[in-house]
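Have a look at the structure below, then the notes.
We count ligands from 1, going down the list as the structure has it; atoms in each ligand are counted the same way. All values below come from the heavy atoms of this structure, side chains included, with hydrogens, waters and symmetry mates left out.
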Amino acid sequence: MIHLKNKLIIAIDGPSGAGKSTLSKALASQLDYLNIDTGAMYRSVALLAQQRRINPHDESALKALCADLSIEFIRRESSERVLVNDVDVSAAIRTPEVSLLTAQVAASPAVREAMLHLQRKMGEAGGVVLEGRDIGTVVFPRADVKFFLSATAVERGRRRFEELQAQGITVDLQQTIAEVEARDAADTARTLAPLMQADDALVVDSTQLSIEEVLNKMLKIVKDKEAGLAE
Ligand code: DC
């Protein structure tokens, strides 16, 4: 584990399938930082909306839901858990139904405003890695280090294809690549907090690199930043 003197705010953005989740967790664990998976926060709101049968277009009901919501990230026996109102929802927020509902809920201005407030509160003291789509542009535009993880759509589609195959799910490679491209287009075209690369983000292209190689590259950048701050 690496101990940094300064408690930095590290933002990691990028399209789906670029390895954000794996790398954010690994980076946070190496630095002994808190990993804040902002996608899991939007998923948590969607889960509660599903349980309470709230229409994802009902802004006032979503606003009321967010006003009375606690989300906590904890590390338990080396696995990262998400607690919502003290209940462990780590598995429940990953179902296909919740994933679908999350895309709708994440487009709600009331939900985005509430999550923005929560994310800033959780991260402002530093010692955090925040992973999402709008961290370096909207949530923490003054983050100490901003990464934008990328990989070609073909490579991300191939990774997704292999992941599904490993789970025994048969899919078509070309179709999986086309789905990745369609999701990118939707994420980028969204009017509210679209996927956007901050001007000062460091682009890390993982197309030709292993997880270890990308992680080492990121760790070096964080350590260099830390050294610069100490000067
Ligand atoms: O990264 P993920 O698949 O867990 O994200 C779940 C959903 O939340 C996805 O539809 C994108 C959305 N999201 C968002 O709008 N803003 C973020 N900062 C993180 C995720």
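For ligand 1 and Gly39, the ligand atoms under 4.0 Å from any heavy atom of the residue are 4 (O), 5 (O), 19 (C), 20 (C). Remark: ligand 1 atoms within the under-4.0 Å shell around heavy atoms of Gly132 are 18 (N).
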- Item | Evaluation steps, side chain to side chain contact (heavy atoms under 4.5 Å, CB included), between Tyr42 and Met115 | CA-CA 8 Å; Tyr42 288 100; Met115 291 306 106; 3.6 Å; yes
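Closest heavy-atom approach to atom 15 (O) of ligand 1 among the candidates Glu131, Met115, Arg112: Arg112. Residue Asp134 holds the heavy atom nearest to atom 18 (N) of ligand 1 of all those in Val105, Leu101, Asp134. Considering each of Met41, Arg43, Arg183, Gln104, the one bringing a non-hydrogen atom nearest atom 6 (C) of ligand 1 is Arg43.
Residues that satisfy the salt bridge (Lys or Arg N to Asp or Glu O under 4.0 Å) test with Asp13, not counting sequence neighbours, are absent from this structure.
Geometrically, ligand 1 and Tyr42 share no nitrogen or oxygen pair separated by less than 3.5 Å. Among the atoms of Asp37, none of the N or O lies under 3.5 angstrom from an N or O of ligand 1. For Thr102, no nitrogen or oxygen atom sits less than 3.5 Å from a nitrogen or oxygen atom of ligand 1, counting backbone and side chain alike.
Summarising the local packing, CZ of Arg183 is surrounded by 12 or fewer heavy atoms from other residues, nucleotides or ligands at distances under 6.0 Å. The environment of Asp172 atom CG is dense: over 12 non-hydrogen atoms of other residues, nucleotides or ligands sit within 6.0 angstrom. Within 6.0 Å of CD on Gln208 lie no more than 12 heavy atoms contributed by other residues, nucleotides or ligands.
If you check which protein heavy atom lies closest to atom 11 (C) of ligand 1, you get Arg133 NH2, 3.7 Å. For atom 12 (C) of ligand 1, the nearest protein heavy atom (residue, atom name, distance) is Ala106 CB, 4.1 Å. The protein non-hydrogen atom at the shortest distance from atom 19 (C) of ligand 1 is Thr38 OG1, 3.5 Å. In terms of protein heavy-atom proximity, atom 10 (O) of ligand 1 is closest to Ala103 CA, 3.8 Å.
With contacts defined as side-chain heavy-atom distances shorter than 4.5 Å, the pair Thr137/Asp199 does not qualify. Put simply, the side chain of His57 reaches to within 4.5 Å of the side chain of Gln104, judged on heavy atoms. Put simply, the side chain of Ile177 does not reach to within 4.5 Å of the side chain of Arg160, judged on heavy atoms. Using a 4.5 Å cut-off on side-chain heavy atoms (C-beta onward), Ile12 and Leu130 make no contact.
Residue contact annotation: Ser16 has no non-hydrogen atom under 4.0 Å from ligand 1.
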